[in-house]
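One structure is given below, encoded as structure tokens.
Quick note on labels: first sequence line is chain A, next is B, and so on, each numbered from 1.
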Protein chains: 2
Amino acid sequence: MNIGRAAEASGVSAKMIRYYEDIGLIEKPARTAAGYRRYSEAEVNTLSFIRRARNLGFSVEEIRALLALWRDRSRASSDVKALAMKHIADLNTRIAELKEMADTLDHLARNCHGDDRPHCPILESLAAPVIGETQPREGQPPEA
Amino acid sequence: MNIGRAAEASGVSAKMIRYYEDIGLIEKPARTAAGYRRYSEAEVNTLSFIRRARNLGFSVEEIRALLALWRDRSRASSDVKALAMKHIADLNTRIAELKEMADTLDHLARNCHGDDRPHCPILESLAAPVIGETQPREGQPPEA
DNA sequence: ATGGGGCTTCCAACGGTAGGAAGGTCAAGG
DNA sequence: CCTTGACCTTCCTACCGTTGGAAGCCCCAT
């Protein structure tokens with residue numbers, strides 16, 4: 001199977017297949033006499049595995065570990081689970097960060113009239129965060 | 001004020017200040033005779049503005065637009081609000097994506113014993129997604 | 001004047017992905 | 001046999017934002 005077919009079958013672009021080979025995530029495949037990469041079903045399975053893991057947000061390094069566990073028939077499922085739990089925690093951290101951004105911005109946007117007048121709490125907050133009730137006379141833009 | 005002081009005062013690293021200058025996000029500052037960058041209070045305010053906007057997840061290009069609005073005293077607050085709302089939508093999209101990853105993985109991890117035995121639904125799911133109830137005989141790792 | 005810290009510029013790396021250029025190969029149809 | 005077009009090869013570039021380092025200059029204190 002050529003790289004184009006393998007890409008189609010696995011859902012990993014040919015570009016990325018070459019990249020994964022380059023960084024040693026996958027083994028170097030066999031080559032035809034002309035130098036074309038040839039992929040077996042098993043290799044396409046590996047690529048699909050990688051794609052699904054990426055879809056779950058695993059980093060390439062995490063996938064490297066997952067692949068090692070996958071190939072190790074005598075692995076302990078606790079090792080896999082630990083990796084997954086760690087990743088879930090990472091995801092939740094990022095979710096919390098994004099959520100805090102969205103909430104903060106949502107709060108500011110809610111207090112913004114959104115009309116044709118210039119007054120805008122969003123810009124004011126960026127210019128200087130609100131401290132208590134008083135608006136300190138700071139945060140004027142330059143060249144204004 | 002030297003770049004180091006400006007970095008300290010604004011919370012933007014000296015490296016990033018130079019980068020922002022390089023990409024034209026901020027104006028080129030005055031220089032001392034020796035070529036050192038000199039920053040005014042107003043310029044530090046701009047840097048703080050940028051830092052806060054980055055903390056809210058705005059991209060550099062979005063910040064470019066925000067800065068333009070900030071400097072435009074006759075802006076319409078609706079323009080700022082539209083930008084913010086768009087960004088909130090982007091954040092919510094990313095949150096939803098991450099949440100789906102976390103939920104999927106959480107579901108898999110919940111079904112994983114996490115003991116010293118090799119059986120593991122997480123790896124099985126990566127090897128081949130579950131279709132209905134039947135487990136197709138696919139997704140074996142290579143060289144196994 | 002010597003040392004240490006700050007400043008300057010320039011170059012590279014990170015993680016993943018995508019785009020393109022220049023050239024070789026394969027299969028089909030004339 | 002030859003052409004055409006789709007595919008493959010390698011190599012270089014860019015994206016985004018941030019960090020690190022090297023080599024060299026500048027400023028201040030001892």
Side-chain angles (χ1 to χ4, degrees), chain A residues 1-26 28-39 43-44 46-67 87 90-91 93-94 97-98 101, chain B residues 1-26 28-39 43-44 46-67 87 90-91 93-94 97-98 101:
Chain A
M1 197 185 304
N2 279 347
I3 197 171
R5 289 315 196 100
E8 197 178 3
S10 66
V12 179
S13 73
K15 285 267 186 197
M16 290 312 298
I17 295 175
R18 295 194 194 95
Y19 172 70
Y20 291 150
E21 177 188 334
D22 200 51
I23 63 174
L25 187 62
I26 57 178
K28 301 197 176 193
R31 298 271 187 154
T32 67
Y36 283 23
R37 289 172 179 80
R38 287 184 53 245
Y39 294 93
E43 285 166 314
V44 170
T46 301
L47 289 169
S48 298
F49 182 104
I50 291 170
R51 176 183 51 76
R52 290 186 201 105
R54 292 263 339 127
N55 286 347
L56 288 178
F58 284 102
S59 71
V60 165
E61 287 315 306
E62 286 168 329
I63 293 173
R64 209 185 286 273
L66 284 172
L67 284 172
H87 182 53
D90 290 347
L91 288 171
T93 298
R94 289 167 57 196
E97 289 168 354
L98 294 178
M101 294 177 188
Chain B
M1 198 185 304
N2 280 347
I3 198 171
R5 288 316 195 98
E8 198 179 2
S10 66
V12 179
S13 73
K15 285 268 187 196
M16 290 312 298
I17 294 175
R18 294 194 194 97
Y19 172 70
Y20 291 150
E21 177 187 334
D22 200 52
I23 63 174
L25 186 63
I26 57 177
K28 300 198 177 191
R31 300 268 187 156
T32 67
Y36 284 22
R37 289 172 178 80
R38 285 185 54 244
Y39 294 93
E43 286 167 312
V44 171
T46 301
L47 289 169
S48 298
F49 181 104
I50 292 170
R51 176 182 50 76
R52 290 186 201 105
R54 293 267 333 131
N55 286 347
L56 289 177
F58 285 101
S59 72
V60 165
E61 287 316 305
E62 286 168 329
I63 294 173
R64 209 185 286 274
L66 285 171
L67 283 172
H87 182 53
D90 290 348
L91 288 171
T93 299
R94 289 168 57 197
E97 288 168 355
L98 293 178
M101 293 178 189

Determine: side-chain N/O of A:Y20 to OP1/OP2 of C:dT17, distance under 4.0 Å, yes or no.
yes
Reading DNA chain D from 5' onward, which residue's closest nucleotide shows up sooner: A:G4 or B:I23?
A:G4
Once you round it to whole Å, what is the distance between C1' of C:dA18 and CD1 of A:I17?
14 Å
So, OP1 or OP2 of C:dT8: does either fall under 4.0 Å of a side-chain N or O from B:R37?
yes
Which is more 5' along DNA chain C, the nucleotide nearest A:M16 or the one nearest A:T32? Just name the residue.
A:M16
Counting only non-hydrogen atoms, which of residues 53-66 of chain A are less than 4.0 Å from DNA chain D?
none
Distance from B:L98 atom CG to A:T93 atom OG1, nearest 0.5 Å?
11.0 Å
The first and last nucleotides of DNA chain D lying within contact of chain B, meaning any atom under 4.0 Å from one of its heavy atoms, run from D:dG17 to D:dC27
A:K15 side-chain proximity, nearest of C:dG19, C:dT8, C:dT25:
C:dG19
Any Lys/Arg nitrogen of B:E61 or B:R64 sitting under 4.0 Å from an Asp/Glu carboxylate oxygen of the other?
yes
Working note: B:R37 + B:R18, criterion side chain to side chain contact (heavy atoms under 4.5 Å, CB included); need CA distance, chi angles, decisive distance, verdict.
CA-CA 10 Å; B:R37 289 172 178 80; B:R18 294 194 194 97; 3.6 Å; yes
B:H87 (side chain) donor-acceptor with B:E62 (main chain) under 3.5 angstrom
no
Mind listing the closest non-hydrogen atom pair of A:R38 and A:T32 along with its distance?
CD-CG2, 3.1 Å
Within this structure, what is the CG-to-C1' distance between A:N2 and C:dG24, rounded to whole angstrom?
14 Å
Whole angstrom is fine here: how far is it from CG in A:D22 over to P in C:dG15?
13 Å
Please walk me through it: do B:I50 and B:L67 pass side chain to side chain contact (heavy atoms under 4.5 Å, CB included)?
CA-CA 8 Å; B:I50 292 170; B:L67 283 172; 4.1 Å; yes
Which one, C:dC26, C:dC7, C:dT9, comes nearest to the side chain of B:Y36?
C:dC7
Rounded to whole Å, CZ of B:R31 lies from P of C:dT8 at a distance of 6 Å
Value in whole Å for how far the P atom of C:dG6 lies from CZ of B:R5:
10 Å
Locate the shortest heavy-atom distance separating A:S10 from A:L47; write the atom from each residue and the value.
CB-CB, 3.5 Å
Mind calculating the distance between OH (B:Y39) and P (C:dT8) to the nearest angstrom?
7 Å
Candidate pair B:I63 and B:R54, rule side chain to side chain contact (heavy atoms under 4.5 Å, CB included), full reasoning
CA-CA 8 Å; B:I63 294 173; B:R54 293 267 333 131; 3.5 Å; yes
Steps toward side chain to side chain contact (heavy atoms under 4.5 Å, CB included) verdict (A:Y19, A:L25)
CA-CA 9 Å; A:Y19 172 70; A:L25 187 62; over 6 Å; no
